[in-house]
**Q** 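Just dropping this structure here.
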Amino acid sequence: MEIDRRTSLGFLGCLPFLPDAALAQGSAATSSLDPHAAMRWARGIEGQRKADLGNGTFLNPVFAGDHPDPALLRDGDDYYLTFSSFDSYPGIIIWHSRDLVNWQPVHAALHQPIGSVWAPCLAMHHGRFYCYIPARTPAKRSIYVIHADQITGPWSDPVDLDLPAHIDPEHVTDENGRRWLFLSGGDRIRLSDDGFSTVGEVEHVYDPWRYPEDWVVETFAPEGPKIVKRGDYWYMTTAVGGTAGPPTGHMVIMARSRSIDGPWENCPHNPLIRTQSPREKWWSRGHATLFEGPNGTWWMLYHGYENGYWTLGRQALLEPVKWAKDGWPQPLGGDLSKALKKPANIAAQRHGMALSDDFSADRLGTLWSFYDPSPDELLRLTRRNRTLVMKGKGKTPADCSPLTCIAGDQAYRITVDIETSDQAEGGMLLYYNRRLYAGLGFGPQGLVMHRYGLQRPRGAIPGQRDPGGGPLRKLAIRLTNQNNILTIHTSADDRQTWRKFDVQMEVSGYHHNVAYDFLSLRPALYAAGEGDVRFRNFTYEAL
């Protein structure tokens, strides 16, 4: 059968009526075929999308962009939240809210690099704040703890608990005042009274519920235990199915016990939350926390990938819950593609922060973070006269620890003015990790194009492809990420006129399922080689 363009379009129109097995799990549901393109968010600072619709309802995500493995702490009417920060430092950024929808950054609690930071736990015990942090390097894996007398810090240096075989700690204090860390795989270990060391050995206390063998998942991987007490029961929420992989893999299961020591009874309704089809708005939904919100309401907070936008990382999702007559929680949000009633209506609540930066103030930790820095990375940065000066390091974006920030919009434009000195090369990128990035730089050899994590010298302006041309010292670069299509413009006359770079790039594959590391594609500034690179007037605009 010959298929022309009209026939193929007709076939695409029939896709919603095909069984799930006939639909691709990934690329066939990308942004160009987005069945949820009509969704409309509120717009906040710089046009960034935000959940609060201003009419008593909200539309997920409550945190757009890369905010995985949410760890929540309630202190009276105040809610505090942090996320896995992986290779970004400063890390463990703490956020504050009173309505669970609008959040403001407090500060970053972790400044000392201990490796790639995975799902943390934020806890309070006898008025002191704790954060238990799994981290790993090529040479070492463990779980660490930092603490502070105030949530605003200062936070202590990390203390190593010497737990190399587990991730995703959950701090629990039982009825007798004993402190525990529940861990991945259904295990736990006793903590000392001060919470800074362990007592005894790791013990296995729970066998997580298993899904049917024919389900399309990544892997079993029981992780992320979160425990809450309600009435006569302790409720343990666990993630299984694998964090990424197929969109239908990650899921939320639950068990309960009358004693923190077990035995644990699996919920007969498992899984409580799971992406049923790649047509849904949110993929790989899992790693949930069950908690009581304002006015006695109950909620689950978890993460998921946005349909067609793996590049944005795992975003934070909020779902209402009710308690059924059988004593198990019942999620009420469906596939989260529709607006939901807010937990509380509190006046004058703001969400997020500006991503634009004139470099007049230090925003390292809340806005900017280094990718995989060395312990002395901060020494590379100075600020003066609204200019960020970054010393060169390494030879390419792969080994120079770029400075990155988190973007949460499907389309945005970033611009920065750059000057280089000596043998330094500087530029702006969309950066996933050292193996995968795209953008433009310049320096002693003129322009350098970055694509697929590879470098290609491109000569000097105006030819762009002309060989030679000598050093290039000053340029404004503009990157436009329009639904995973990267377009580059340059200006050599202080943003008076712009010239389109002759290569556009498709970047929808720059994500975890391609390059691992559980990260997101982020705006980044880099300085490589010998010398300094000066950045001025970084601007962000959601499109």
Side-chain angles (χ1 to χ4, degrees), residues 20 29 34-42 49-65 67-72 74 79 81 83 97 99-103 224 226 228 230 235 237-241 243 247-254 267 269-309 312 314-345 351 408:
D20 289 349
D34 185 2
H36 305 283
M39 290 177 64
R40 292 292 180 267
W41 290 267
R49 61 176 173 169
K50 66 176 185 176
D52 192 340
L53 300 181
N55 60 1
T57 67
F58 72 98
L59 182 61
N60 276 295
V62 289
F63 276 89
H67 296 88
D69 306 321
L72 183 136
R74 180 177 181 175
Y79 298 85
L81 190 60
F83 305 92
S97 177
D99 68 358
L100 301 177
V101 173
N102 296 287
W103 295 84
K226 298 294 180 183
V228 65
R230 181 182 183 268
Y235 291 84
T237 310
T238 304
V240 295
T243 294
T248 54
H250 209 32
M251 67 192 81
V252 177
I253 66 170
M254 187 164 289
C267 177
H269 314 300
N270 281 334
L272 294 183
I273 295 171
R274 181 190 177 222
T275 302
Q276 300 294 325
S277 163
R279 289 194 301 260
E280 292 183 22
K281 175 61 181 175
W282 294 102
W283 293 342
S284 303
R285 294 192 287 158
H287 203 106
T289 296
L290 173 70
F291 65 98
E292 185 176 2
N295 306 314
T297 58
W298 283 78
W299 300 82
M300 278 189 176
L301 185 70
Y302 53 92
H303 64 220
Y305 284 104
E306 189 168 3
N307 186 326
Y309 292 93
L312 291 178
R314 290 167 290 168
Q315 304 180 54
L317 309 171
L318 181 67
E319 180 166 0
V321 169
K322 75 173 183 180
W323 289 93
K325 292 181 179 180
D326 62 3
W328 292 100
Q330 178 182 344
L332 302 175
D335 66 359
L336 302 191
S337 64
K338 302 291 191 299
L340 301 167
K341 184 179 178 181
K342 286 178 59 181
N345 280 316
H351 177 75

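In what follows, every heavy atom counts, from backbone to side chain, and hydrogens, waters and symmetry copies are set aside.
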**Q** Just verifying a value: how many Å separate Arg274 CZ and Glu280 CD, rounded to the nearest 0.5 Å?
**A**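 So the CZ of Arg274 and the CD of Glu280 are separated by 9.5 Å.
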**Q** Charged N to carboxylate O below 4.0 Å: is that the case for Arg314 and Asp69?
**A**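 Judged by the 4.0 Å cut-off on N to carboxylate O distance, Arg314 and Asp69 do form a salt bridge.
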**Q** List the steps and the verdict of side chain to side chain contact (heavy atoms under 4.5 Å, CB included) for Met300 and Arg285.
**A** CA-CA 11 Å; Met300 278 189 176; Arg285 294 192 287 158; over 6 Å; no
**Q** Taking all non-hydrogen atoms of both residues, which atom of Trp103 and which atom of Leu72 are closest, and how far apart?
**A** CH2-CD1, 4.4 Å
**Q** On a heavy-atom basis, which atom in Met251 and which in Gly241 lie closest, and how many Å separate them?
**A** CE-CA, 4.4 Å
**Q** Quick one: list whatever passes ring-ring contact (aromatic ring centres under 6.0 Å, His included) with His303, sequence neighbours left out.
**A**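 Applying ring-ring contact (aromatic ring centres under 6.0 Å, His included) to His303 gives His250, His287.
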**Q** For side chain to side chain contact (heavy atoms under 4.5 Å, CB included), just list the numbers for Arg74 and Phe291, CA-CA rounded to whole Å, side-chain angles, deciding distance to a tenth of an Å, and then say yes or no.
**A** CA-CA 9 Å; Arg74 180 177 181 175; Phe291 65 98; over 6 Å; no
**Q** Taking all heavy atoms of Leu272 and all of Pro329, pick out the closest pair and write down the distance.
**A** CD2-O, 3.9 Å
**Q** Under a 4.5 Å cut-off applied to non-hydrogen side-chain atoms, are Val101 and Leu318 in contact?
**A**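 Of all side-chain heavy-atom pairs linking Leu318 with Val101, at least one is under 4.5 Å.
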**Q** How long is the gap from CG on Leu301 to OG1 on Thr289, to the nearest 0.5 Å?
**A** 6.5 Å
**Q** Rounded to the nearest 0.5 Å, what's the gap from OH on Tyr302 to CD1 on Ile273? Could you check?
**A** 4.0 Å
**Q** Please answer whether the main-chain N or O of Gly304 pairs with a side-chain N or O of Gln315 as donor and acceptor at a distance below 3.5 Å.
**A** no
**Q** For Arg49, give me all partners under salt bridge (charged side-chain N to carboxylate O under 4.0 Å, His left out), at least two apart in sequence or on another chain.
**A**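 By the salt bridge (charged side-chain N to carboxylate O under 4.0 Å, His left out) rule, Arg49 matches Glu306.
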**Q** What closest approach, in Å, do Thr275 and Ser284 show between heavy atoms, and which atom pair accounts for it?
**A**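 Heavy atoms of Thr275 and Ser284 come nearest at OG1-N, 3.4 Å.
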**Q** Any side-chain heavy atom of Leu81 within less than 4.5 Å of one from Ser97?
**A**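 Not touching, per the 4.5 Å side-chain cut-off.
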**Q** What I'd like to find out is whether the side chain of Asn307 reaches to under 4.5 Å of the side chain of Pro247, using heavy atoms alone.
**A**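 Contact flag for Asn307/Pro247 side chains = no.
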**Q** Just one of Thr57, Asp52, Asn55 clears the side-chain hydrogen bond (donor to acceptor under 3.5 Å, both in side chains) bar with Lys342, so which one?
**A**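 Going through Thr57, Asp52, Asn55 one by one, the side-chain hydrogen bond (donor to acceptor under 3.5 Å, both in side chains) with Lys342 is satisfied by Asp52 alone.
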**Q** Quick check for you: to the nearest 0.5 Å, what is the distance between Tyr305 atom OH and Leu317 atom CG?
**A**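 Here the rounded value is 12.5 Å.
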**Q** Asn270: what forms a side chain to side chain donor-acceptor pair (under 3.5 Å) with it, not counting sequence neighbours?
**A** none
**Q** Any non-hydrogen side-chain atom of Trp282 less than 4.5 Å from a side-chain atom of Asp335?
**A** no
**Q** Glu319 side chain to Gly333 main-chain N or O, any donor-acceptor pair under 3.5 Å?
**A** yes
**Q** Begin with the C-alpha distance, continue with both residues' side-chain angles, and end with the deciding distance and a verdict on side chain to side chain contact (heavy atoms under 4.5 Å, CB included) for Asp326 and His269.
**A** CA-CA 11 Å; Asp326 62 3; His269 314 300; 2.7 Å; yes
**Q** Out of curiosity, Leu336 CG to His36 NE2, how far, rounded to the nearest 0.5 Å?
**A** 10.5 Å
**Q** Mind telling me whether Phe83 and Phe63 have parallel, tilted or perpendicular rings, with 30° and 60° as the class edges?
**A**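 If you compare the ring of Phe63 with that of Phe83, the planes turn out perpendicular.
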**Q** Atom SG in Cys267, atom CE in Met254: separation rounded to 0.5 Å?
**A**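 Cys267 SG to Met254 CE: 7.0 Å, rounded to 0.5 Å.
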**Q** Do the two ring centres, one from Trp323 and one from Tyr235, sit under 6.0 Å apart?
**A** yes
**Q** Are the side chains of Asp99 and Pro343 in contact, using a 4.5 Å heavy-atom criterion?
**A** no
**Q** Taking all heavy atoms of Leu290 and all of Thr237, pick out the closest pair and write down the distance.
**A** CB-OG1, 4.0 Å
**Q** Heavy atoms only: give me the nearest Asn295-Ala344 pair and the separation to one decimal.
**A** ND2-CB, 4.5 Å
**Q** Check step by step if side chain to side chain contact (heavy atoms under 4.5 Å, CB included) holds for Leu53 and Leu59.
**A** CA-CA 7 Å; Leu53 300 181; Leu59 182 61; 4.3 Å; yes
